[in-house]
Amino acid sequence: MVKKFLSLLLVYFLVFAGFSTSAQAQGFKDLSSNHRFYQEINYLTDRSIITGFPDNTFRPDVTVTRAQAAIMIGRALGLDGEQRDTKFKDVNADVTASGYIDAAVQRGIISGFPDNTFRPDNPVTRGQMAIFLARAFELEVQAEQNFSDVTPNMSAYPYIKRIIADGITAGYPDGTFRPDASLQRSGFSAFLARALDDQFKVTPPGPEMEAHFIDVGQGDSILIKTPNGKNILVDGGKISSDLLVPLYLMEAGVSQVDLMVATHPDADHIGGLVDVLKMLPVKEVLDSGATHTSQTYLEYLSLIDEKNIPFKVANDGEFIELDSSLKIQVLNTYDEGEDNNEGSVVLKVSYNDIDFLLTGDADIQAEQEMVEKYNVEAEVLKVGHHGSDTSSSLSFLQEVSPEASILSYGEGNQYGHPHSVVVDRLLSVGSQVYSTAASSHIVVDTDGNTFEVHGTPDSNPGDPQDPPAKISLVDVDLDNEIVTIKNNENIDVPMTGWKLVSVEGNQTYQFPDGYTLKAGATVYVTSGASAKDQPPTYLKWTGAYIWNNSGDAAELYNAEGVKVSEVR
């Protein structure tokens, strides 16, 4: 008797709690407006079809029982829910759901089991949900779609085809329906809302879109294969002797790149694009508009010009018309004078219900501006700047609310990517975290309704490393004699007495007396015939050539003679 009482009490709280207050979904403290089924849940709570708990939670992940399903369907159809005895030996007038169960049985919506039980506390599966809703809303048209795990001898077989045809739900990208999987409160709410109102219908599964996050080590490269067969390449990692990116593209069946996007001109993003431009036809290039003095950037521009490829600078807010099944919008791009990272091209790629947010190296300031202007919610996030704490603020991640987050970085990199604070933030917003360092190439495919990540969640992104130097050597361009140094502090750092050393040549550059590197700023120390002397951004070492092109290490020492950073 105690167990029965407790089960009845659970039904009461799950379905009736807060009934008299007509709770609004936006009032539930565990349900944000970014939740995938927020609108559907709000629609049902407005109509008192489903309600929350006394502690002002909705508990979207709680499993729905057969009794709760009867109550919700009964309310939706306006059935008589007055408690009464039923023909089932486990459902009498004391059972809260008894009236709705009896009414639903009389309407032929729900049936019991051969042993004369209803089993009100059993969970509802996806297959049972299909039967209940198809009968409740008298659906007759069947979809042509078949699923590998649904056979004609299953009782749910025709009903699954009917709810698919009605746009109530869809299968999974792997061709399954998973009829035996239990349903949660949020999922059942979505299906019931779609049965009641056409505004919530889902689009029938379409051809797949694939997003390939290519393992280029410490860098970014993303291939998007659109539903209608177009190929978009966003960045290309560094130039590599093994031609990694173009060979990966060809193995993935890419014979031409329809759109190449250079998010910003740093070498770890555009280096591999040079390889692609040499080896594959490219129909159009979208660029941030930022410039760079590196040989890599100049070669990238020269190849575009040589091959007469249409070249366009991205505009903030514009939509890219490449595939009619996708909505692709630019959420951020370069403004004159901005740091290259801040001016990264950010793309939001939407395929029906599934959104991808590709953030390049956009920093926290750019994130704030995007949140103010756009809806940044996305199921899949390419984490900004390889997991650096210059990106991925908690407030931004809360707005994005990603279900899956991809970190693209090289194992054992000198920058300490990804920073532990960023990983903690990703986990705190409920995201699964994947990394190219752990899984190598990661592929996400979607039919526009659901998505699947082909990769293993990273249990420990960014194995413990030495923390990144506050002032760090970012890059040594041996060909162009340019050393890039960045202040990762949030305060200005005086650099009087600091030294930059070319190890191979045993030569030393002394920073000028009184020189200060501003918080977050970057300085370029130049040498050779093209050396620039434009303080505070460009400092000239000498007109002579310093760096050994066949290989040279750089070391940076503070005024106390302590080595604070090196590149080898």
Side-chain angles (χ1 to χ4, degrees), residues 37 40 44 49 63-79 86-88 97 100-120 122-208 352-353 447-450 452:
F37 300 134
E40 291 93 334
L44 295 182
I49 293 171
T63 301
V64 173
T65 66
R66 287 168 54 82
Q68 295 157 18
I71 293 172
M72 288 184 279
I73 292 172
R75 287 178 181 168
L77 298 181
L79 302 182
T86 74
K87 68 177 185 178
F88 302 112
Y100 287 114
I101 291 172
D102 186 58
V105 169
Q106 295 299 324
R107 287 278 293 267
I109 296 170
I110 296 177
S111 57
F113 294 88
D115 62 355
N116 198 32
T117 61
F118 182 78
R119 305 178 194 176
N122 280 13
V124 172
T125 65
R126 284 172 58 87
Q128 292 168 352
M129 173 272 301
I131 295 172
F132 298 164
L133 294 183
R135 289 174 175 172
F137 294 95
E138 300 178 352
L139 305 179
E140 296 296 335
V141 177
Q142 296 189 21
E144 295 295 327
Q145 186 174 355
N146 293 309
F147 300 98
S148 60
D149 57 351
V150 178
T151 58
N153 63 340
M154 292 181 176
S155 58
Y157 177 80
Y159 301 102
I160 290 171
K161 284 179 167 287
R162 290 172 192 175
I163 65 167
I164 294 292
D166 195 60
I168 290 174
T169 187
Y172 290 87
D174 62 359
T176 63
F177 183 82
R178 304 177 193 175
D180 297 326
S182 297
L183 270 176
Q184 299 169 327
R185 281 167 57 85
S186 58
F188 194 92
S189 298
F191 301 141
L192 185 55
R194 293 168 189 168
L196 287 165
D197 196 315
D198 288 347
Q199 69 172 308
F200 301 117
K201 301 290 190 191
V202 296
T203 305
E208 284 196 351
N352 294 335
D353 293 337
D447 61 5
N449 296 323
T450 60
E452 188 166 5

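All values derive from a computational prediction rather than experimental measurement.
Here the CZ-OG1 distance, from R66 to T117, works out to 8.0 Å after rounding to the nearest 0.5 Å. One finds the CD1 atom of I160 at 12.0 Å from the CG atom of L133 (value rounded to the nearest 0.5 Å).
When all heavy atoms of S182 and P123 are compared, the pair lying nearest together is OG-CB, 3.8 Å. In plain terms, the two heavy atoms of R194 and G167 that are nearest each other are CD-O, 4.0 Å. Here the shortest heavy-atom pairing between M129 and T169 reads CE-CG2, 4.5 Å.
Contacts of Q199 classified as side-chain hydrogen bond (donor to acceptor under 3.5 Å, both in side chains), with partners at least two apart in sequence or in another chain: D197. Under the ring pair (Phe, Tyr, Trp, His ring centres under 6.0 Å) criterion, F188 pairs with no residue, sequence neighbours left out. With sequence neighbours left out, F132 forms a ring pair (Phe, Tyr, Trp, His ring centres under 6.0 Å) with no residue at all. T125 is linked by a side chain to side chain contact (heavy atoms under 4.5 Å, CB included) to Q128, counting only residues two or more places apart in sequence or in another chain. A search for side chain to side chain contact (heavy atoms under 4.5 Å, CB included) contacts involving V105 returns K87, F88, I101, not counting sequence neighbours. Annotation: ring pair (Phe, Tyr, Trp, His ring centres under 6.0 Å) contacts of Y157 (sequence neighbours excluded): none. Among residues two or more places apart in sequence or in another chain, the side chain to side chain contact (heavy atoms under 4.5 Å, CB included) test is passed with A193 by E40, Y43, L44, F200.
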Give the C-alpha distance, both sets of side-chain angles, the deciding distance and a yes or no for side chain to side chain contact (heavy atoms under 4.5 Å, CB included) between Y100 and I73. CA-CA 8 Å; Y100 287 114; I73 292 172; over 6 Å; no
Before giving the answer on side chain to side chain contact (heavy atoms under 4.5 Å, CB included), spell out for I163 and F191 the whole-Å C-alpha distance, their side-chain angles and the decisive distance to 0.1 Å. CA-CA 9 Å; I163 65 167; F191 301 141; over 6 Å; no
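Among residues at least two apart or in separate chains, salt bridge (charged side-chain N to carboxylate O under 4.0 Å, His left out) pairs with a member in residues 101-116 are R84-D102, D115-R119. For residues 146-170, the set of pairs meeting the salt bridge (charged side-chain N to carboxylate O under 4.0 Å, His left out) definition, not counting sequence neighbours, comprises D166-K201.
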